[in-house]
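Just so it is clear: chains get the letters A, B, ... in the order the sequence lines come, proteins before strands, and each one is counted from 1. The basis for the numbers below is simple: all heavy atoms, side chains too, and nothing from hydrogens, waters or symmetry mates.
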2 protein chains.
Amino acid sequence: MATIRDVAREAGVSTATVSRVYNGSRLVTETTTQIVLEAAARLDYWPNNAARSLSTNRTHVLGVVLPDLFDEFFSEIIRGIDHAARARRHQIILSCFHDNADELIATARSMRGRIDGLIAMAPDARSAQAIAEISRHFPVILLNPGFAVENCGSVGIANREGARSVVRHLRSFGHRRIAILRGPVGNTDAEERLRGYREAIGAGETQHQPLELQGDFSKSSGVLACDALLRFDPLPDAVFAANDYMAIGLLTALLEKGIRVPEDIAVAGFDDIALARYTNPPLTTVTADAYRLGATAVRRWFSASADGGSGHQRDILPTRLVVRESCGAGRSGPDTTDTETRHQHESNAGGPS
Amino acid sequence: MATIRDVAREAGVSTATVSRVYNGSRLVTETTTQIVLEAAARLDYWPNNAARSLSTNRTHVLGVVLPDLFDEFFSEIIRGIDHAARARRHQIILSCFHDNADELIATARSMRGRIDGLIAMAPDARSAQAIAEISRHFPVILLNPGFAVENCGSVGIANREGARSVVRHLRSFGHRRIAILRGPVGNTDAEERLRGYREAIGAGETQHQPLELQGDFSKSSGVLACDALLRFDPLPDAVFAANDYMAIGLLTALLEKGIRVPEDIAVAGFDDIALARYTNPPLTTVTADAYRLGATAVRRWFSASADGGSGHQRDILPTRLVVRESCGAGRSGPDTTDTETRHQHESNAGGPS
DNA sequence: CACAATCATGTAAACGCTTACATTAGCATG
DNA sequence: CATGCTAATGTAAGCGTTTACATGATTGTG
């Protein structure tokens, strides 16, 4: 394979000049540039990135570490990251890990010299700690952590405001007794959504009996919750399930018992999984833009690394209510409404080359 | 950041010895190894991969280039690739491209010195050509190309045999007049599926009127095809849609017209998208194991690179018929049956290192 | 026209590893 | 005890770039 020296010889210039051509230095004459490029083409030369990285200490590669649970949400995140990175002429190294903090840290370490930074999703506190360790070496951005981690920027979604918008929506149809089907205890998304629900309910002051059911984000827990729901007396007007899977389980169970949705009881979910549009009735839910989550993480990474890598700024991405028919909306209404959650610390993106 | 020299000094040995420790040379004493590792730990040393790659000319990284259409299928492919690569202590650089051969080639070129090989999906002949060019530099494996490409290994799925198994399944319910809803002209998957269908039909010799409809893989083309389908006289017993989206469109349209599935007409699809299990009735279809497709590509890459990178072996992965209710199967039957397509050239995986 | 300033290019020393080859020490052998 | 062999370690030359600094050519200025 041709090296920069071969090109230099072929073009009759020094390696420095060739290098300058490839790095866009303005110090090289137009004619020299042409000569060099032609020589390079003749030899099929392409710069060796390993050598470049060694010399410059920059790789133009971003590490991405995600849990092993692949689904539409994750692939959208990756797509967002890839596009944003590509727009800034960076590439990404992807690694999944298997809910094991040690493996995570080993992965991240083994990337030393291969990446300029890291975007990671830490499932638990221990992994987050491990990541904080890593952030001494290069900027790290956490995706949707529930907690603040020292020295790491982070990007999350507006769970609370999303939950509030669901309750507001249900209210707008006159529903007053609104139940919630909670997600797993300890899960940050679940707890933020619960908080949003409580705030919205509290604000309305129409509810005297707590209408909270425990679920675990699985479809079957939605099915199970149906019985408990029916034991409330009088029957609630509506249920907000903290994610779509539970909402779908609930829908199935209700359908089976002959209870009509939304006539007898309204149901809403959270996440807007692909399936939500095909349930019977189509599920009103909240969408979080996974693509944007990924893209924002990249943007945040670039600004962090321009700042020298420190700081722990946080972005919260807005969610959007997706109105379908499970809460009583007819086909005539607007299809979606924006919850207008404000971005925090949103900064513009111009990173370094 | 600590370098190998710092560690050598700290441990009181030469850099060569430190290097040997990290590369598992058996030439180092147990005690020396301990001393070195402790020194390294004290300094928080981790080898710099850029320097390593420059020196050894190997990166332990695989490039992965996929089209920009992310969905479950692609994310499963990536998952398969990641797992298989990780099992061999390799990492992956992921890049999407936007159906543009130039961009593809630029991407691949820009990876020079960053990767040891490439796994790519080429959407058209031009991209495939571009990739063949690249394969002069390192081993390349193509994912599911319709055509053979010089010097590239490839891994595909058994479209033809899958289609045949659908027809066989339909036959087993006594269906004789079996129509097909074709995919887009020029698309390799579509054409292979059509071929499989024709072979199976021809083998049965019961059909005198060609029952072929044109679609384009979209749901709406399935909806449109409904009218054309009903114009056949007498009505076919069954329709094989060349992918699930079209099958789903067709199901919707039939339902709307009051035509019962599978009582009046049976419907089958291909791909087993997540949705297929939730349609009404649940859709009988064919599944291709995307995870395995990715994993096999990695395996193939390792054996190719052990061979010195040449050769154009091809794997064809078996498909599996997923029997649900849209063709007449009751709940009592077996859930799935294997079409038992044989692997071709399947070799075992022990890669180097 | 002498001088300085600017521009285009060259020279060569890093960057942090690996590894061929050299060296040394220890040990068995005749 | 000289010799040869092996095992453990050291020395130093790359690997292919970038870039600070040096150099020579060109231009502008008083």
Heavy atoms of other groups near B:Asn57 CG, more than 12 under 6.0 Å: no

salt_bridge(A:Asp82, A:Arg79) N-O dist < 4.0 Å: no

DNA chain D: 5'-most and 3'-most nucleotides touching chain B, 4.0 angstrom heavy-atom criterion: D:dA8 to D:dG16

Side-chain donor-acceptor contact under 3.5 Å, B:Ser95 with A:Arg86: yes

Contact pattern, 5' to 3', of nucleotides 9-18 of chain C - B, S or - by protein heavy atom under 4.0 Å: BBBB--BBBB

Step-by-step ring-ring contact (aromatic ring centres under 6.0 Å, His included) determination, B:Phe73 to B:Tyr291: CA-CA 8 Å; B:Phe73 191 75; B:Tyr291 178 94; over 10 Å; no

Side chain to side chain donor-acceptor pair (under 3.5 Å) assessment of B:Asn23 paired with B:Ser19: CA-CA 6 Å; B:Asn23 290 292; B:Ser19 175; 3.3 Å; yes

Evaluation steps, side chain to side chain donor-acceptor pair (under 3.5 Å), between A:His137 and B:Asp44: CA-CA 11 Å; A:His137 297 307; B:Asp44 194 25; 3.2 Å; yes

Aromatic plane relationship, A:His90 with A:His60 - under 30° parallel, 30 to 60° tilted, over 60° perpendicular: parallel

